[in-house]
Amino acid sequence: MTEGLFLFNSRTRKKERFVPIKPGHAGVYSCGPTVYSAQHIGNMRPYLFADLLVRALKAQGLKVTHVINVTDVGHLTDDADAGEDKMEKAAAQSGRRAEEIAAEYTEQWLVDRRRLGIPDPDVLCKATDHIPEQIEMIRQLEAKGATYRISDGIYFDIAKFPRYADLARLDLAQQEGANRIEEVTEKRQSADFALWKFAEKGVQRQQEWDSPWGVGFPGWHIECSAMSTKYLGETFDIHTGGIDHLPVHHSNEIAQSETALGIDRWVNVWMHEEFIDFQGEKMSKSLGNVYILQDLVDSGLLPLSFRYFFLQAHYRKQQTFTDDAMAAADRGYRRLVAQAQALSEDGGVDEQAVASHGAEFRAAMNDDLNAPRALAAATQIVRDESLSPATRRALLTECDAWLGLDLLTAALPQAIQEKDPRIDRLVAARQAARQAKEWAEADRIRDELAAEGVTIEDTPDGPIWRRSEP
RNA sequence: GGCGCCGUAGCCAAGUGGUAAGGCACGGGACUGCAAAUCCCUGAUCCCCGGUUCGAAUCCGGGCGGCGCCUCCA
């Protein structure tokens with residue numbers, strides 16, 4: 001009945017069966033990072049989500065082209081059209097070149113993605129590498145009469161695009177945000193946005209280019225329109241991004257793309273992931289309460305435990321991050337992997353059982369990427385004793401293609417075997433006491449070590465020890 | 001003021017009309033000299049009030065509470 005992948009389309013506010021424009025192929029564009037500083041774990045949800053989507057598309061047998069942009073110019077600090085450029089600001093503060101900063105944080109972002117099991121995108125495009133494309137699109141808009149010039153730049157006139165409010169279902173007359181900020185007063189409507197910003201007189205920017213309108217730099221929104229169109233065509237399948245982008249950034253993208261290209265439907269499916277709530281407020285660079293992946297690793301957690309944490313909630317719901325929830329995810333992930341890897345190759349693979357017992361998992365994922373439900377199904381498979389170990393392995397291999405948790409292949413770090421002769425000697429002494437059945441002495445040594453945070457674990461191969469918490 | 005999300009067991013979180021997935025913790029059990037580690041078992045009628053219905057966590061109305069966007073932000 002419900003064959004195929006169903007996705008929630010923000011444009012129609014409905015779950016719809018995904019049908020690619022070009023049979024057998026799906027084009028996906030994801031709004032990428034602004035690389036003036038480190039990406040924190042909240043910033044990683046969009047990429048975990050996009051990866052989940054890409055994996056689901058591939059599981060349908062589709063070939064996927066995934067494009068992500070890197071914003072390395074033009075993203076302003078305060079107002080969309082009146083603040084400082086974040087890249088320039090970061091460069092000024094650190095005394096470094098903007099390109100150098102962008103390269104560093106782009107690389108860190110890619111490394112973190114890989115640690116989370118996210119493959120690199122097929123196309124990773126930088127705004128600064130596509131200035132001509134952006135200028136060209138602005139020229140097209142100008143030719144269509146959708147732009148106007150004011151003292152600080154070239155702007156898009158949303159009055160020329162009647163569908164402007166459709167995506168976000170905005171009531172533009174009632175939007176009052178503009179009243180709370182210092183705005184570019186020359187704009188015709190407050191929702192108009194900059195396409196090209198002029199370099200300020202007397203200010204030497206690191207990043208500026210010539211254009212038909214004068215020296216300056218592109219507005220933030222135009223890069224996504226220009227680059228997605230370049231790599232995916234004038235109409236493409238799916239565009240993803242944070243829910244916060246829906247009313248402004250994506251409304252702007254649609255306005256400029258559909259106007260410049262002269263088309264009615266630039267993107268078929270818009271998908272937006274919700275925020276992670278960090279015990280009461282969002283984590284954001286602006287608020288300064290950032291927490292990067294390495295911080296998690298430093299506290300003894302596995303990167304893929306964060307992926308597991310992400311998979312425990314649906315992407316369209318705000319997810320609460322707390323240290324306890326993260327620790328719970330870490331334990332859950334380690335246990336699941338240990339159980340999966342403990343499965344033998346015995347019993348042969350029952351292909352029929354693979355087809356039938358994987359149904360719930362596939363149905364969950366195909367229902368708008370319901371990862372929590374799918375993860376529960378995978379967990380049941382690991383522990384389903386009615387299936388042979390080999391069959392369970394086969395099922396888990398299939399599940400993991402969607403989940404990306406490396407269930408059967410992850411190398412779990414064992415108890416850290418530190419070198420400490422003094423502790424080794426005490427552990428050996430306890431073991432000797434145990435063998436002599438001198439329990440009081442053995443327990444005394446164990447308590448002594450416990451008091452300094454060392455836990456002894458007796459295994460079939462003898463005792464090992466580890467420090468409880470760093 | 002406008003647009004939008006959410007409120008389910010101690011914590012995280014599925015479920016959107018037929019009588020509550022899963023994970024973690026807690027408790028119980030197995031194992032152990034006792035522990036640790038591991039494995040097994042165990043818990044909720046769904047923020048409040050009213051309505052619709054044979055039947056609601058699930059639909060409608062009204063509250064209370066949390067969060068996001070409208071300004072850079074995933």
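Numbers restart at 1 for each chain; the letters A, B, ... are given by sequence-line order, proteins then strands.
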Which part of the nucleic acid, if any, lies within reach of [X] when heavy atoms closer than 4.0 Å are counted: base, sugar-phosphate only, or nothing?
X: A/H314; result: sugar-phosphate
X: A/Y315; result: nothing
X: A/K317; result: sugar-phosphate
X: A/D330; result: nothing
X: A/A325; result: sugar-phosphate
X: A/I276; result: base
X: A/E273; result: sugar-phosphate

Under a 3.5 Å cut-off for both contacts, is [N] paired Watson-Crick or G-U wobble with anything, and if yes, with which nucleotide?
N: B/rC39; value: B/rG29
N: B/rU52; value: none
N: B/rG1; value: B/rC70
N: B/rG65; value: B/rC6

Find the distance [X]:[atom1] to [N]:[atom2] and express it as a whole number of Å.
X: A/L116; N: B/rA74; atom1: CG; atom2: P; answer: 16 Å
X: A/H272; N: B/rC5; atom1: NE2; atom2: C1'; answer: 14 Å
X: A/L246; N: B/rG2; atom1: CG; atom2: C1'; answer: 15 Å
X: A/R45; N: B/rC12; atom1: CZ; atom2: C1'; answer: 12 Å
X: A/M326; N: B/rG23; atom1: CE; atom2: C1'; answer: 13 Å
X: A/I68; N: B/rA74; atom1: CD1; atom2: C1'; answer: 12 Å
X: A/R331; N: B/rC24; atom1: CZ; atom2: P; answer: 9 Å
X: A/F278; N: B/rG68; atom1: CZ; atom2: C1'; answer: 14 Å

For [N] versus [M], give the span between their [atom1] atoms, rounded off to a whole number of Å.
N: B/rA56; M: B/rG50; atom1: P; answer: 14 Å
N: B/rG15; M: B/rU58; atom1: C1'; answer: 8 Å
N: B/rG61; M: B/rC54; atom1: C1'; answer: 22 Å
N: B/rG66; M: B/rC48; atom1: C1'; answer: 15 Å
N: B/rC5; M: B/rG62; atom1: P; answer: 16 Å
N: B/rU8; M: B/rU45; atom1: P; answer: 14 Å
N: B/rG23; M: B/rU42; atom1: C1'; answer: 15 Å
N: B/rG18; M: B/rC64; atom1: C1'; answer: 29 Å

Using the six-membered base ring of B/rA74, report whether A/F275 stacks on it, requiring centroids under 5.5 Å and planes under 30° apart.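 Yes, the aromatic ring of A/F275 stacks with the base.
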Qualifying residues under salt bridge (Lys or Arg N to Asp or Glu O under 4.0 Å), relative to [X], sequence neighbours excluded:
X: A/R113; result: none
X: A/E398; result: A/R362
X: A/E385; result: none

Verify the contact: side-chain N or O of A/N43 to OP1 or OP2 of B/rC73, cut-off strictly under 4.0 Å; return yes or no.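 So the side-chain polar atoms of A/N43 never come under 4.0 Å of the phosphate oxygens OP1 or OP2 of B/rC73.
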Which is more 5' along RNA chain B, the nucleotide nearest A/Y47 or the one nearest A/D277? Just name the residue.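 The answer here is A/D277.
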Let me spell it out: for each of A/F321 and A/I41, pick the nucleotide of RNA chain B with the closest heavy atom. Which residue's pick is nearer the 5' end?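 Result of the comparison: A/F321.
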Between [options], which one does the side chain of [X] approach most closely?
X: A/P372; options: B/rC11, B/rC6, B/rA21; result: B/rA21
X: A/T379; options: B/rG15, B/rG23, B/rA74; result: B/rG23
X: A/D244; options: B/rA74, B/rG66, B/rG23; result: B/rA74

Is it true that the NZ or CZ of A/R316 lies under 6.0 Å from the centre of A/F8's six-membered ring and within 45 degrees of the ring axis?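 Cation-pi check for A/R316 and A/F8: passes.
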When the side chains of residues 425-433 of chain A are checked against the rest of the protein, which donor-acceptor pairs come out under 3.5 Å, sequence neighbours left out?
residue : atom : partner : partner atom : Å
A/R430  : NH1  : A/D458  : OD1          : 3.3
A/R430  : NH2  : A/D458  : OD2          : 2.9
A/Q431  : OE1  : A/R434  : NH1          : 3.2

Aromatic centroids of A/Y29 and A/H239 separated by under 6.0 Å: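 Here the rings of A/Y29 and A/H239 have centres that are less than 6.0 Å from each other.
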Ring centroid separation for A/F217 and A/W196, is it under 6.0 angstrom?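 Ring-ring flag for A/F217/A/W196: false, centres at least 6.0 Å apart.
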Could you check whether [X] pairs with [Y] (Lys NZ or Arg NE/NH1/NH2 to Asp/Glu carboxylate O, under 4.0 Å)?
X: A/R96; Y: A/E104; result: yes
X: A/K197; Y: A/D152; result: yes
X: A/R446; Y: A/D443; result: yes
X: A/R163; Y: A/D166; result: no

For a quick check, with a 4.0 angstrom heavy-atom cut-off, what is the B/S/- contact string for nucleotides 30-44 of chain B, read 5' to 3'? ---BBBBS-S-----
Looking at A/D330 and A/S305, would you say the former's side chain and the latter's main chain have a donor-acceptor pair under 3.5 Å?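 Not confirmed, A/D330 side chain does not pair with A/S305 backbone.
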For RNA chain B, find the residues of residues 301-312 of chain A with a heavy-atom distance under 4.0 Å and give them by number; none if there aren't any.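 A/Y308, A/Q312, in order of number.
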